[in-house]
Structure formats: structure tokens, C-alpha cells
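Okay, so here's the structure we're looking at.
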Amino acid sequence: MGIYLNPSNDKFKEALNSVIYVDKSELIQYTNKVLHTTQKYLCVSRPRRFGKSITADMLVSYYSRGCDSKEIFSDLCISKNSNFTKYMNKYDTIFLNMQEFLSQSTDIEGMISLIQRSVLWELLEEYPSYRYFDKNNLTRTMKDIYQNSQCPFVIVIDEWDCIFREYKEERKEQEQYLDFLRDLLKDKSHIHLVYMTGILPIKKYGTHSALNMFDEYSMINPRQLAKYTGFTEKEVSDLCPKYNMAQEEMKEWYDGYHFESTDNIYNPRSVVAAMTAGRYDTYWNQTETFEALRMYIDMNFEELRDDVLSMMAGEQIPVNAKSFSNDMTTFQSKDDVLTLLVHLGYLGYNSVEGTVYIPNNEIRMEYANAVSVSEWGEVSKSLKNSANTLRAIWEKRSEPVIRGIEQAHFETSHLQYNDENALSYTIALALYGARNYYNVYREFPGGKGFADMVYVPKRKFQDKPAIVVELKWDKTAVGAIEQIKERRYCESLKEYKGNILLVGINYEKNTKKHTCVIEEYIF
């Protein structure tokens, strides 16, 4: 049993001993399937707080010859597989947390040297009697050991991409690190599995990639491993009654990562934090502040700010995710920035439509925080004042509502402020704070048509009125109210009988002014 060679299963035991552990051990069926095949190289990238390290610890516990893990896996899903013990604790397993080595080094060369010396120290201690060609050469020493022992290696690497996050601008150092990994891992018959995990997919340099043997599983395309990316709908549903939490609210707060091949995916770290605290809140900023997001959305790419505002208003935005260079500095267009935000977890990705979107309430609050301290002028003010605008609607005071809308009415290219659809963007931003209390629907079905915007109170805010908003362009706010009544848009909201507000809003093209009428609805 060593630190890097054949570690114990203590780290995984800690996860199993935690208040909440969601069983992802079926992943081992897949890694066993690709053992000693050309698919043995797996690079799995996910955002922070998505369980990467726990997965790495699980694989180490399963394959490492330095422990006996039959008992701790016997109650997990993988034990239902008839061959689950076939590969258990049978491999010389090397575990490398690259962040640990980087933090103990002053440069990349020193880091690589430290990795080699640390692993060689344990290899030569475990196998002291073999004849070695070069005891200072890690790759050759591993070959010599395999030649004599016939025991193959499994390599598990956590935080593999920390170099690209901390040495963002140093291309030479990045290439040196990639070359080290290539020489250590590529085309090595003594290695039967490599599992790397990090935030970023593998760095590309033109047409050449030093690690082109890897199959990549990312937030853009998680492939067969999608259900292991986070907590699934069923997994969260099973937890909710145990902790007296509402599935609907968990979904609003932490769901929103959708992949073709699996159920909805929730942010696991935030789900656990909410369950154990008994409180729906944003736990994202416990590991990263919103200023990290602000740095990217403030980048001066054409239409980037407009796209962010559209997503904050509930829209999905087309993106070309194929041009991304898989680092944190090489940005050629807004598409590269948006793609990075997908990998960081700040955006969801719709692979069918090729669009990005803000996935849930937790992340939406991060965007609001980032914009509120940015230099976005009237946008920042309107977001900060959106709670006041909402309160004015509750109190049926039209003038403050109009001021809130005027504040949110800013000149941006994407709004093309000349129809009711564009007006809806402004209203969505003016009432951004309403999302704390309401589920917001656009084109809500009811009666003889679709209401432009409907705000339905969340379960714990049933004392708040439902709000039906109808928008008009160069007509009248009174006419908007009449349309709501004539077409019976409130038919779908009968459970809120006696607690519904109608809001008619009109934009007058000539005066460039908004008008607003608010009244209670009586069935």
C-alpha cells in the first residue's frame, strides 16, 4: 500500500460514510468493458462540484492491489454484476492528483520531476529485486516491472487540466506537460486503463494533439457516461422524501443539465448541500465566486453581452461549440466563451438544437450577481431594482412599474426594439427578481389563446398573486387588459381565484414611452 502506487480505499470509505452518498458504481461496468482495449483511454471533464474526485477514489478503491475492497463494494450496484470481482484489486494502480504536484512545484519541469520521483520511489520499493534498465526512467521502469510481474497498470489522474487553469498563458509549459503525459501513457501495453478527470477537455494545438488516443466525455458530449455526470432525476427524487425536500423546487434550483442519452442531470454538490441544510440556496459560490463568471461575460466580443441578457430573460442561444480550443485564454469569438461556460457549468448545452442556456435558479443568481457588479450600466440598475418593480405590481402602482421597465429598456442590437417579442425581453429583465417567487412562463396556454407572460407562484409562495402579463406594441395598455379578459387567459389559473393580477403594458413608438395598467381579476 502506497501513496501513489496501490493506495488504500480510505478516501472512498469517507464518501461512503457521508450523510448522503449516491451510488455511481455501475460506472465500473463500463471501465471493466474497455480494459485492455483500444478504448482504454478515458478523459472525463466536468465542472467543479460535480463529483470528479469521488469517482476517481472509487476507481482506485476498486482496482488497487493495495487494499481489499470486496466488503465496501458488496452493497453497491456494481455487486449485482456477476463478474464484479473479476478485476477487483488485481491491478498495480497509480493515482495522481496533478493539483497536489503542481502546488508543490515552482514550474512545470519541477512538477514533472516530482511526479516521476514520487512514483519511482514507490515502484522500486514494491519491486526491489528486478533488473532495471534505468531506475530514473519512469516509463521504462514500469515496462520492466510488467515484463517480470505480468501485473498490468491502471492509471487514475485527477485534476489533469490544472496546468491549463494556472499556467493559462504559458504554451511552452502546457506542451511540455502534454508531451510528458503522452510519453507516459500512449501505446503502452503494460497499461490496461487510464481514467483522467478535470474541468476541460484535452487541449488542442492545431491539427496535432499529444493525447489523441483518449475518448472524451464532456459537458458538450458525455456519451455513454452521461448518467454519471451528476445526480439523475430518479436519484434526486429518491432523496427528497428522506430530507423533506420538494422535488419541484430541487428541480428549479439545481437541475437543467440535459443530455440526449439520459435523464435530467442535477448539480450533485448543491443537491447534497441543500438536502443536509434543509434550505434551497446557491451553494455554487462556496467553491468559486461570481467574479470568475463576470470575467468571462465582460469579454468584449460582439453580441456576447446581448446573448447573456437573452439567456437571463429565459432564451436559448445558438452556439458553435466545435471551435473551442479547450483552454481558458484562446478565444476567437463569443462561441468560444459560451462553450467554456458550458464546461465550467455556468451554461447548459442542448446538443439537438446546438444552443446554450442558463440551467437553473442557482446559476441564474450567479449571473445576476456578476452583472450587478459589472459595468453594464442600466442593466445592472434594473436587475438590482427588479424587486421594487415586482412589489409595485403587487401594490398596483403603475408609475414605479413604468420606471422599472424604462430602466430595463436599453439599446442593444439583439433586442431590435420594434415588436412585442422584443418588449418581452425588457419585461423579463425588469422583473428578474420575480423568479425568486414565481415560475415564469412565456406563451402560456389558457382560454382562447396564449398569454404573453404568466408568473405562477412557487409552492412556498402561494400567498403571492399569480400575474398575467399581456404586451402591446404601439396600441394601448387598456387594450392589453381587455384581451386577457376576452380570450380568458386566466382559465388555467382557477386555483388562484381571487388572487390574480392582470398587467397590460404598451410601448408607444412615437413617444418612445411605456404605459402600464394593473388590475385584479375576478372570475
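Numbers here are sequence positions counted from 1.
Distance check, rounded to the nearest 0.5 Å: CD1 of Ile265 to CZ of Arg46 gives 9.0 Å.
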* Kindly indicate, with the supporting measurements, whether the criterion side-chain hydrogen bond (donor to acceptor under 3.5 Å, both in side chains) is fulfilled by Asn97 and Glu159. => CA-CA 6 Å; Asn97 184 324; Glu159 301 280 2; 5.8 Å; no
* To do: Mind running side chain to side chain contact (heavy atoms under 4.5 Å, CB included) on Gln99 and Arg165 for me, showing each step along the way?
  => CA-CA 10 Å; Gln99 185 68 59; Arg165 290 183 269 124; 4.3 Å; yes
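Here the side chain of Lys251 pairs no donor or acceptor atom with the backbone of Asn360 at under 3.5 angstrom. No donor-acceptor pair under 3.5 Å is formed between the side chain of Gln174 and the backbone N or O of Ile163. Side-chain N or O atoms of Asn6 include one that pairs as donor or acceptor with a backbone N or O of Thr93 at under 3.5 Å. Under a 3.5 Å cut-off, the side chain of Asn83 and the backbone N or O of Lys86 do not form any donor-acceptor pair. Within the 3.5 Å criterion, the main-chain N or O of Val271 finds no donor-acceptor partner in the side chain of Trp253.
Partner of Tyr62 under the ring pair (Phe, Tyr, Trp, His ring centres under 6.0 Å) criterion, out of Phe95, Phe12, Phe84, Phe73: Phe73 alone. Of the candidates Asn361, Asn264, Asn267, Asn264 is the only one forming a side chain to side chain donor-acceptor pair (under 3.5 Å) with Asp255.
Under the salt bridge (charged side-chain N to carboxylate O under 4.0 Å, His left out) criterion, Glu122 pairs with no residue, sequence neighbours left out. Residues satisfying the salt bridge (charged side-chain N to carboxylate O under 4.0 Å, His left out) test with Lys40, not counting sequence neighbours, are none. Taking the salt bridge (charged side-chain N to carboxylate O under 4.0 Å, His left out) definition, one finds that Asp335 meets it with nothing, sequence neighbours left out.
Annotation: Tyr91 is in aromatic contact with Tyr63 [ring centroid separation under 6.0 Å]. The aromatic ring centroids of Tyr87 and His192 lie 6.0 Å or more from each other. Taking the six-membered ring for Trp and the full ring otherwise, the centers of Tyr146 and Phe153 sit at least 6.0 Å from each other. For Tyr367 and Tyr432, the distance between ring centers is not under 6.0 angstrom.
We find that Arg442 and Glu315 are joined by a salt bridge, their nearest charged nitrogen and carboxylate oxygen being less than 4.0 Å apart.
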